[in-house]
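Here's the structure we're looking at; comments come further down.
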Amino acid sequence: MQFKKVEKKWREAWKKEGVYRVKDAVKGKKNFYHMVMFPYPSGDLHIGHWYNFAPADVFARFKRMRGFNVLSPIGFDAFGLPAENAAIKRGIHPKTWTYKNIKTMTAQLENMGTMYDWERSVITADPEYYKWTQWMFLQLFHAGLAYRTKAKANWCPKDRTVLANEQVIDGKCDRCGTEVVQRDIDQWLLKITSYADRLLADLEGLDWPEKTKAMQRNWIGKSEGSLVAFAIEGIDQAVSKETLKFRPYLIAPVLSGEKYITHRLESKAVKVGDLVPLINWASKEQFGLARITKVVKDVMKNVSETQDGHEKFKNRKEFYATYAKYYNKVVDDDTAIWMYHFELVSPSIDVFTTRVDTIFGCTYVVVAPEHKLIEALKGQIENYKEVSVYTAKARKKLELDRMMEEKTKTGVELKGIRAINPFTGDAVPVYVADYVLGGYGTGAVMAVPAHDERDLAFAKQFKLPIKVSVAGTSTELGECMIDDGTLVDSGSFTGMNSVAARTEMTKWLKQQDSGSGTINYKLRDWLISRQRYWGSPIPLVFCEHCKTRIESGDYKKGEFTKGELANPGWIGVKEKALPVLLPPVKNYLPTEEGKSPLAHSKSFVNTSCPHCASKGVRETDTMDTFMCSSWYYLRYPDPKNAKQFADPKKLAAWLPTDMYIGGAEHSVMHLLYARFFTKVLYDLKQVKFKEPFMALRHQGTILGPDGQKMSKSKGNVIDPDDLVDRFGADAVRMYLCFMGPYDQGGPWQPGGMVGIARFLQRTEQLYDAYSKGAHTAKRSAKGNPLKKILHQTIKKVTEDIAEFRFNTAVSSLMILLNAMDDQREYIDAEVLEQFLLLLAPFAPYFAEELYRGLLGNKTSIHIVPWPKYAARLAVENEFELVIQVNGKTRDTMRVPKGTTQERAREIALASPKVHAVALGMQVKKVIFVPDRLINLVIGI
RNA sequence: GCCCCCAUGGCGAAAUUGGUAGACGCGCCAGUUUUAGGAACUGGUUCCGCAAGGAUUAGAGGUUCGAGUCCUCUUGGGGGCACCA
């Protein structure tokens with residue numbers, strides 16, 4: 001067969017006939033939304049793309065033939081670093097490079113024989129698309145889910161530029177080899193952490209690989225424990241203890257990650273004893289600070305909380321009165337919403353622990369180098385200089401270095417500061433050490449060297465005492481006993497087991513007002529700022545005038561959105577003004593201050609405030625490309641809509657997606673972000689479903705023939721175009737299906753393709769011969785023996801494709817072909833047509849050529865319904881009875897189905913092979929599995 | 001270090017889910033055919049053995065009438081997380 005010609009012929013015919021055009025509704029058909037993860041336009045389609053798309057297309061075609069109205073779209077994840085690098089290297093616009101690649105890959109995807117509806121394609125770099133990415137960002141921003149904070153970025157001091165993680169190789173800049181440093185830059189983050197619980201809980205109902213779910217769970221990293229406040233010794237206990245019955249503190253709001261609060265605190269130079277405003281009820285939620293809850297309850301008995309974290313007041317007057325009493329300022333409705341007050345009495349070190357049962361063994365406390373307490377207690381720390389040298393060094397450290405030094409623990413004691421264990425009343429030393437992570441829990445831990453390996457390593461190095469508080473298998477000093485056990489030497493809790501002790505001790509803490517039960521997550525907020533050119537601009541404008549008004553409280557209710565109030569001065573671009581277009585620039589490198597290349601464009605930066613029209617400057621960072629891919633599945637149903645991201649009716653017709661196929665490398669980030677987006681949109685009533693991808697399947701990774709990951713430098717890359725030239729697109733599709741289990745991947749077998757090529761060739765010869773009238777169907781007395789195997793094959797292929805077992809589906813097609821070849825005289829029109837139908841999803845061009853070209857059908861095979869198998873015909877009426885003696889197979893015999901145990905026994909005993917081993921023995925027991933086997937248990 | 005997964009001929013793999021291990025394909029061997037072939041076709045192909053037969057699913061043990069499949073340990077490979085308190 002002339003592949004090239006045949007493929008071209010049908011591709012054009014399909015296009016002309018609109019065979020793959022998808023309507024939003026077809027009478028009598030259910031919609032099925034089948035998606036593959038869209039590719040990054042890197043240049044050429046590689047074999048990995050084929051492995052993703054070809055079997056996925058087989059599944060989509062199968063579903064379509066099964067009577068579903070299938071939407072199987074494709075697009076391009078077109079923003080990203082490679083385009084920018086190419087642009088910098090060759091001096092062309094990233095857009096030129098990207099769109100050229102898209103053109104090439106589109107042609108390749110079409111050649112593949114896929115049934116994508118190209119009229120629904122999306123490209124994330126199109127302004128018509130990123131307009132809605134920006135719109136999505138604004139939804140999050142206005143809902144108060146975005147905030148700005150200093151976050152670390154990789155900085156190359158020589159190139160004076162921000163580097164993406166993938167541009168940092170072994171801690172060095174990939175361009176010049178200079179050591180990369182961490183630099184704090186103001187960046188935007190999204191509060192994905194406030195969705196941690198729902199992201200975790202909703203995994204339950206999804207038809208996803210267990211492994212992927214486990215990875216998401218692990219990433220979210222929920223752990224239950226207790227929050228314990230260690231009061232700091234030697235800090236003046238302020239008078240106000242009676243005034244307000246709580247011990248509030250500075251640390252909580254500062255830690256909350258609320259830029260606004262940080263700002264307030266800094267500008268007001270808060271001292272111990274000061275009143276400190278806490279901006280947002282969510283901070284309490286986020287950190288589970290039981291005592292803040294209590295405070296707020298005490299001070300504002302009139303405040304009730306709504307489910308989503310917004311507040312309402314039952315009785316405003318009372319609230320204002322309470323407020324005025326403590327803050328000496330009259331407030332109105334708008335300000336009141338925001339202002340809760342805390343009196344700073346005595347700061348404490350709050351630690352998070354999952355093992356509060358070991359607290360009697362706590363011999364010191366450690367805080368992370370980033371911990372705000374160090375700065376706050378500057379005056380009290382005797383060796384502050386030494387400490388600041390250490391923290392500065394630790395903060396500069398790259399993640400990589402932290403890993404390398406794994407075993408050796410470093411740290412410095414905070415001299416002059418001691419923390420009081422609320423259970424024992426003992427004061428223990430406080431250290432700063434980088435083995436405690438600033439971003440997890442409270443950034444401080446109670447160290448129990450007897451029951452925690454890391455604490456033990458540190459204690460040994462710094463010669464700190466080790467105190468056993470839980471008895472278990474190994475309780476020797478110097479050995480670590482991390483298991484649960486019975487508490488010893490633990491005051492009134494002695495004798496309890498760990499599990500009970502944790503509950504009781506947490507209860508006690510709550511009574512004492514120095515702790516509570518709490519839940520922590522490893523998940524961190526999502527940093528979306530990129531100091532890069534080729535991405536969607538963040539649609540915000542900074543306005544000094546609005547900032548002043550918000551901070552002074554001089555604005556009307558409803559004038560600013562929740563997000564604008566939380567980020568004073570940052571104003572969202574109005575929907576009408578979207579998209580904020582990427583400006584043309586000459587230099588694609590970030591600026592010396594670490595701003596994105598967009599900052600080079602004065603006409604872009606300088607603008608007017610969307611709110612008050614006074615002078616404003618635009619945010620110049622662009623968005624993480626994960627933002628673009630977090631919602632693209634919502635766009636395919638309505639890709640050209642200029643008024644909405646999609647018509648709600650069209651969304652309802654297709655979403656959520658029924659099947660999503662892509663690489664396991666996206667198990668965490670992309671899938672988690674997309675789920676987060678969906679949940680936010682659900683809360684904002686933009687969509688009616690809570691999960692975007694109901695079913696998920698991964699394809700495996702194809703390695704080079706040498707078993708190594710394919711890469712140009714290793715020279716082990718398999719070019720699909722070469723294979724297509726030699727064997728045709730159908731053979732490549734089919735071989736990829738046949739290779740092995742879809743989710744497994746593995747090394748490429750050169751030469752493996754030949755088998756499929758032969759199969760197709762033999763099929764063609766057979767059909768060719770038939771069309772020339774070489775065979776006439778005849779019937780034997782028993783009927784047509786091919787019918788049975790045909791119907792068995794229909795059953796098998798149907799079940800296999802549904803379960804993504806493409807390899808066994810192909811093998812059963814081969815078996816059928818072999819049977820047809822062996823019994824040519826029984827081939828009839830039914831066998832010929834149905835075999836082709838089964839083949840059609842795998843080899844769309846080939847099947848069409850035989851169906852239309854050779855068998856003379858007028859319409860496409862791809863609109864013919866999938867064959868149904870007749871159970872009656874697929875059933876065998878005989879089976880091979882396995883005759884075992886003592887569990888060992890000795891003989892087999894073909895017998896009719898339904899053979900009774902008695903009859904089977906007779907047959908077995910009549911077998912000479914059974915006689916040979918059973919001579920002189922007695923049958924003690926008979927195991928009989930109907931229609932399968934008989935096992936004689938014999939002995940003397 | 002922790003968590004998860006995997007291990008079957010020379011190779012990719014299959015196995016009705018506890019019931020004939022090795023389907024299907026590659027490769028290899030023999031033969032047929034061809035001007036030639038790195039083409040096509042036919043037959044064979046887990047290992048040992050001329051055979052009868054025996055052994056065999058990384059290794060060792062266990063449960064069972066019966067284990068590739070379930071349990072325990074060991075070894076080897078892959079993936080994820082990485083000081084998560």
[atom1] spacing across the pair [N] / [M], given as an integer number of angstrom:
| N | M | atom1 | value |
| --- | --- | --- | --- |
| B/C24 | B/G44 | P | 11 Å |
| B/C47 | B/U56 | C1' | 7 Å |
| B/U72 | B/C6 | P | 13 Å |
| B/G25 | B/U46 | P | 15 Å |
| B/C5 | B/C70 | P | 11 Å |

Protein and nucleotides 41-44 of chain B: nitrogen or oxygen contacts under 3.5 angstrom:
none

Show me, pair by pair, the donor-acceptor contacts under 3.5 angstrom made by side chains of residues 800-820 of chain A, not counting sequence neighbours?
from, atom 1, to, atom 2, distance (Å)
A/Asp800, OD1, A/Lys796, NZ, 3.4
A/Asp800, OD1, A/Arg805, NE, 2.9
A/Asp800, OD1, A/Arg805, NH2, 3.0
A/Asp800, OD2, A/Lys796, NZ, 3.1
A/Asp800, OD2, A/Thr808, OG1, 2.8
A/Asp800, OD2, A/Ala809, N, 3.3
A/Thr808, OG1, A/Arg805, O, 3.2
A/Ser811, OG, A/Thr808, O, 3.4
A/Ser812, OG, A/Thr808, O, 3.3
A/Ser812, OG, A/Ala809, O, 2.9
A/Asn818, OD1, A/Arg762, NH1, 3.1
A/Asn818, OD1, A/Arg762, NH2, 2.7
A/Asn818, ND2, A/Met814, O, 3.4

Would you tell me whether [X] and [Y] have side-chain atoms, one donor and one acceptor, within less than 3.5 Å of each other?
| X | Y | result |
| --- | --- | --- |
| A/Tyr51 | A/Thr701 | no |
| A/Ser223 | A/Asn520 | no |
| A/Ser226 | A/Thr506 | yes |

**OP:** Could you tell me whether A/Leu933 contacts a base, only the sugar-phosphate backbone, or nothing, with contacts defined as non-hydrogen atoms closer than 4.0 Å?
**Re:** base

Original post:
Which part of the nucleic acid, if any, lies within contact of A/Asn818, taking any heavy atom under 4.0 Å across all strands shown: a base, the sugar-phosphate backbone alone, or nothing?
Top reply: sugar-phosphate

**OP:** With a 4.0 Å heavy-atom cut-off, tell me which residues in residues 732-739 of chain A come close to RNA chain B, sorted by residue number.
**Re:** A/Phe738, A/Met739

Suppose we call a contact any N or O donor and acceptor under 3.5 Å apart; does that hold for the side chain of [X] and the base of [N]?
| X | N | value |
| --- | --- | --- |
| A/Lys924 | B/C65 | no |
| A/Gln884 | B/G19 | yes |
| A/Arg932 | B/U16 | yes |

Applying side-chain contact (heavy atoms from CB on, under 4.5 Å), name anything that partners [X], two or more places apart in sequence or on another chain.
| X | value |
| --- | --- |
| A/Gln761 | A/Gln765 |
| A/Glu413 | A/Lys415, A/Pro429, A/Tyr431 |
| A/Glu764 | A/Met1, A/Phe846, A/Leu850 |

**OP:** Grab the CG-C1' distance between A/Asn886 and B/U64 for me, whole Å please.
**Re:** 13 Å

Subject >> Separation of B/G1 P from A/Asn218 CG (nearest whole Å) >> reply: 18 Å

Original post:
Nearest of B/G12, B/C83, B/C65 to any side-chain atom of A/Gln749?
Top reply: B/G12

Can you name the atoms? Protein N/O to nucleotides 76-79 of chain B N/O, anything below 3.5 Å, with the distance.
none

**OP:** Check side-chain hydrogen bond (donor to acceptor under 3.5 Å, both in side chains) between A/Arg502 and all other residues, then give those that pass, not counting sequence neighbours.
**Re:** A/Asp357, A/Asp484

Can you check whether [Y]'s main-chain N or O pairs, donor with acceptor, with [X]'s side chain at less than 3.5 Å?
| X | Y | result |
| --- | --- | --- |
| A/Gln461 | A/Lys409 | yes |
| A/Thr358 | A/Arg355 | yes |
| A/Asp931 | A/Gly898 | yes |

Subject >> With A/Tyr521 via ring pair (Phe, Tyr, Trp, His ring centres under 6.0 Å) - residues at least two apart >> reply: none

Subject >> RNA chain B base-pair string [pairs: Watson-Crick or G-U under 3.5 Å; |: paired with another strand] >> reply: (((((((..(((......[....)))((((((.......))))))(((....)))..(((((..]....))))))))))))....

**OP:** Could you list the residues that satisfy salt bridge (Lys or Arg N to Asp or Glu O under 4.0 Å) with A/Glu453, not counting sequence neighbours?
**Re:** none

Original post:
What does nucleotides 49-57 of chain B look like as a protein-contact string, B for base, S for sugar-phosphate only, - for none, at under 4.0 angstrom between heavy atoms?
Top reply: -----SS--

